[in-house]
Amino acid sequence: MKINHLVILVFFCAEVLLFSQKPMINYDEGKVPQYVLPDPLKMENEALVKDEQMWMKKRRPELLKIFEKEVYGKAPSKKPIAYKVTSIDANALAGKAIRKEVTIWLKGNNKWQGMNMLIYLPKKGNKPYPTFLGLNFLGNHSVANDPWITIAQRWMRGNKIGGVISSRPTEASRGSDAERWQVDMILDRGYALATIYYGDIEPDFDGGWRYGLRAAMSRKGTNTVFKPDQWGAISAWAYGLSRAMDYLEQDPDIDAKKVAVIGHSRLGKTALWAGAQDERFAIVISNDSGEGGAALARRRFGETTEAINKSFPHWFCGNFKKYNGKEDLIPVDQHELLALIAPRPLYVASASEDLWADPKGEFLAAKAAEQVYKLFGKEGLGVDEMPPVNTPVGNFIGYHLRQGKHTVTAFDWEQYLNFADRHFKR
Ligand code: GTR
């Protein structure tokens, strides 16, 4: 065999090997395997949950532990925060808003530099304001066209919108994600917005934990070897959201009893996990959160457990890797994550072209969570079939399938604001 034939053969074999290792992705409803969802109302000892007390006292803590151990990983216990208001402008956004910036860190822990929160308060209505709290992807300065927001300081991945040079955002990235935040609409409806760049908590890459909260909170720092049930990045970001809530409870401008936690995509997974654990979040909103968020893993439609663990090994805990290609063995499925939010109002939104996130699997998870809401006498979705595009449904569980792509739009925000108005009785 000539040498170049040998080279071709070696390349061919390598290709075949690589291809065979690539997780198979299914987008065909007809190929969704038969599956049985774990029963949220069945305790590990097989006892059936009979009422709300039994859910709250027995089953909810049990389920939370399973999600901690097998999916997201256990975070350390709550530590007290310290904070400093670093700027206030009573005339932001052409006089429409009050803008505040606050740095929040862990008291006595100087290994973590803390996180910067941007708050916009509406000028209409009276304080304290109901509030949307969410982590952002591209820095606080990306959420509005406001030249005075402090530009995010920490590592940032490059993005299509641009303005990130050498992993740091520049002036050119101001307002780059404004479309997804709809600040004017939020303020016009009388709500405050509080947001934090998720990279302040931990940068989003495999190994990023060394530069964030997880290393800072570990005795061994960057030498830590995580146990298979210890926190992954999603748990770290969710921990950050709870510490953000600790701050909001101390801010007299904020109605801490009316805080809705919201997130898109990986940050939707994070919002759900934060909302599942921390009952102070009065409403939980998941926008296109998909695999590891609102979508049922057992359907194996779009992104799978294996695909997500391979692309993002740092998001979930070590134990979750056991379930690559073995979704039926996960002791929980994502409808149970949604159920952990009961009886608080929950909103799940999907997008019609976002098949990777499995819109139908998100709807079915919301549907399967209803039985837990029923324990509390709360009506969930109120429909049995997935609604057509752009048709919001639901009472204590809201759902819509927006026409279009994987993103957050004004249509999505309109529904979240309507939902919040209803539940906050405004
Ligand atoms: C994708 C990932 C999804 C989703 C998304 C995002 O690449 O596979 O699970 O989280 O990123 O966060 O935008």
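Because the structure is a prediction, the values reported are computed rather than measured. Because only heavy atoms are used, hydrogens play no part in the values below, and waters and symmetry mates are left out as well, while side chains stay in. Each ligand, and each atom within it, is numbered from 1 in the order the structure gives.
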- What pairs meet the ring pair (Phe, Tyr, Trp, His ring centres under 6.0 Å) rule with one or both residues in residues 169-195, with sequence neighbours excluded? Phe132-Tyr191
- Is there a donor-acceptor pair closer than 3.5 Å between any side-chain N or O of Arg154 and the backbone N or O of Gly212? no
- Query: Is Arg243 positioned over the aromatic face of Tyr247, cation under 6.0 angstrom from the ring centre and no more than 45 degrees off axis?
  - Reply: no
- Item | Within 45° cone of Phe226 ring axis and under 6.0 Å: Arg214 NZ or CZ | yes
- Query: What is the nearest protein non-hydrogen atom to atom 6 (C) of ligand 1, stated with its residue, atom name and distance?
  - Reply: Ser265 OG, 2.5 Å
- Message: Students should be able to answer this: which protein heavy-atom is nearest to atom 7 (O) of ligand 1, and at what distance?
- Response: Phe312 CZ, 3.4 Å
Numbered atoms of ligand 1 (with element) below 4.0 Å of [X], judged on heavy atoms:
| X | answer |
| --- | --- |
| Ile308 | 9 (O) |
| Lys269 | 3 (C), 4 (C), 9 (O), 10 (O) |
| Trp315 | 9 (O), 10 (O) |

- Would His141 and Tyr197 satisfy ring-ring contact (aromatic ring centres under 6.0 Å, His included), going step by step from the backbone distance to the final call? CA-CA 9 Å; His141 65 283; Tyr197 170 49; 8.1 Å; no
- In terms of its nearest heavy atom to atom 9 (O) of ligand 1, the top option of Glu303, Glu291, His264, Arg266 is Glu303
- Is the closest N or O pair between Ser289 and ligand 1 shorter than 3.5 Å? no
- Report the relative orientation of the aromatic rings in Tyr27 and Phe301; use parallel for angles under 30°, tilted for 30 to 60°, perpendicular for over 60°. perpendicular
